[in-house]
Amino acid sequence: MLLSPLAERNWEDLCLVLEEVLDDQSHRQLFALELGSGTGQHVIRFAPKMPFVTWQPSDINEESRDSIKAYIAATHAKNVLQPVHLDASEPWEKWAGLSNNSCDVVVAINLLQYSSFKTAQGVFNGAGKILRQNGLFITYGVYAINGIITPSCNEHLDAEIRQKNPEWGLPDIDVLRQLAYGNEMRMERIIEMEEFYKCLIFRKLEQNQTA
């Protein structure tokens with residue numbers, strides 16, 4: 001069971017956001033895919049708070065998937081499926097057998113800043129395909145706005161991430177907005193979180209809205 005101090009700090013605030021945005025659908029059973037689940041700390045904390053959601057964790061990294069399995073076993077989480085291998089940069093048809101319009105929610109926590117632009121394109125393309133109409137794609141992280149990164153601590157974070165991989169770095173909200181629109185989604189809300197993090201809420205448009 002891997003431990004992320006950041007996940008321990010932010011899971012509660014993230015859970016409150018998810019509970020709020022999904023509250024009007026809590027009368028029915030939902031299916032949610034988490035991209036890049038990492039240690040598994042988020043999904044096993046979300047599960048008991050939202051029993052109306054069946055969670056599908058995923059990660060490209062085998063060590064992370066083993067950690068998720070250990071958390072599921074330790075917590076006896078009933079509404080969390082076994083983690084699947086998923087590379088978001090691949091075409092959505094390779095996304096662990098998930099079919100078109102099969103998800104109500106897709107969640108990506110601290111994924112996009114550690115992704116190349118190709119992976120970000122894959123994330124939005126895949127979310128646009130597997131979400132049902134009116135489904136939600138929710139991302140959490142630190143972002144640039146109009147090409148500008150503020151405050152200085154976020155500039156340092158961006159530099160630190162780019163040092164690990166030059167293709168990574170804080171994504172620009174306006175670029176993500178355009179990626180969403182190109183994949184039949186629109187950005188509905190920006191929710192300010194602690195330590196300059198933000199939750200971006202995207203919604204899959206109804207077909208008549210994209211015509």
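One is the number of the first residue; the rest follow in order along the sequence.
Considering only heavy atoms from C-beta on, Y143 comes within 4.5 Å of L176 through its side chain. Side-chain atoms of T54 and Q29, non-hydrogen and from C-beta on, do get closer than 4.5 Å to each other.
Heavy atoms only, all atoms of each residue included: W55 and M50 are closest at CZ2-CE, 4.0 Å. Taking both residues in full, the closest heavy atoms of K204 and L131 are given as NZ-O, 2.8 Å, listed atom of the first, atom of the second, then distance. Considering every non-hydrogen atom in both L81 and I72, the closest pair reads O-CD1, 3.4 Å.
Exactly one of E194, E195, H42 qualifies for a side-chain hydrogen bond (donor to acceptor under 3.5 Å, both in side chains) with N10. That residue is H42.
Using a cut-off of 4.0 Å between Lys/Arg side-chain N and Asp/Glu carboxylate O, D104 and R28 are scored as salt-bridged. R203 and E184 are not joined by a salt bridge, as no carboxylate oxygen comes within less than 4.0 angstrom of a charged side-chain nitrogen. Between E20 and R189 there is a salt bridge, with a side-chain nitrogen of the basic residue lying less than 4.0 Å from a carboxylate oxygen of the acidic one. For the pair R162 and E160, the salt-bridge criterion is not met [side-chain N within less than 4.0 Å of a carboxylate O].
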For salt bridge (Lys or Arg N to Asp or Glu O under 4.0 Å), just list the numbers for E12 and K49, CA-CA rounded to whole Å, side-chain angles, deciding distance to a tenth of an Å, and then say yes or no. CA-CA 10 Å; E12 227 163 339; K49 298 280 188 181; 5.8 Å; no
Test salt bridge (Lys or Arg N to Asp or Glu O under 4.0 Å) on E8 and R45; report intermediate values, then the result. CA-CA 10 Å; E8 278 302 295; R45 287 298 194 10; 3.0 Å; yes
Applying side-chain contact (heavy atoms from CB on, under 4.5 Å) to V123 and L111, what does each step give before you reach the verdict? CA-CA 10 Å; V123 165; L111 174 69; 4.1 Å; yes
Passes side-chain contact (heavy atoms from CB on, under 4.5 Å), L35 versus V106? Steps please. CA-CA 7 Å; L35 295 169; V106 176; 3.8 Å; yes
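Remark: side-chain polar atoms of N125 are not paired, donor with acceptor, to backbone N or O of Q121 under 3.5 angstrom. Proximity of a side-chain donor or acceptor of D172 to a complementary backbone N or O of N146 within less than 3.5 Å is detected.
For Q82, the CD atom sits in a packed shell: over 12 heavy atoms of surrounding residues, nucleotides or ligands are nearer than 6.0 Å. Within 6.0 Å of atom CD in E167, 12 or fewer heavy atoms from other residues, nucleotides or ligands are found, so the atom counts as exposed in its surroundings. Shown here is K198, whose NZ atom has more than 12 heavy atoms of other residues, nucleotides or ligands within 6.0 Å.
If you chain together hydrophobic residues whose side chains sit under 4.5 Å apart, I44 and L33 never meet in one group. Clustering ILVMFWY residues whenever any of their side-chain heavy atoms sit less than 4.5 angstrom apart, transitively, puts Y197 in a cluster other than the one holding L112.
When only modelled atom types and interatomic distance are considered, S37 and E34 share a side-chain donor-acceptor pair under 3.5 Å. S116 and T119 share a donor-acceptor pair across their side chains, judged by distance under 3.5 Å alone.
Between F124 and F137, the distance from one ring center to the other falls under 6.0 angstrom.
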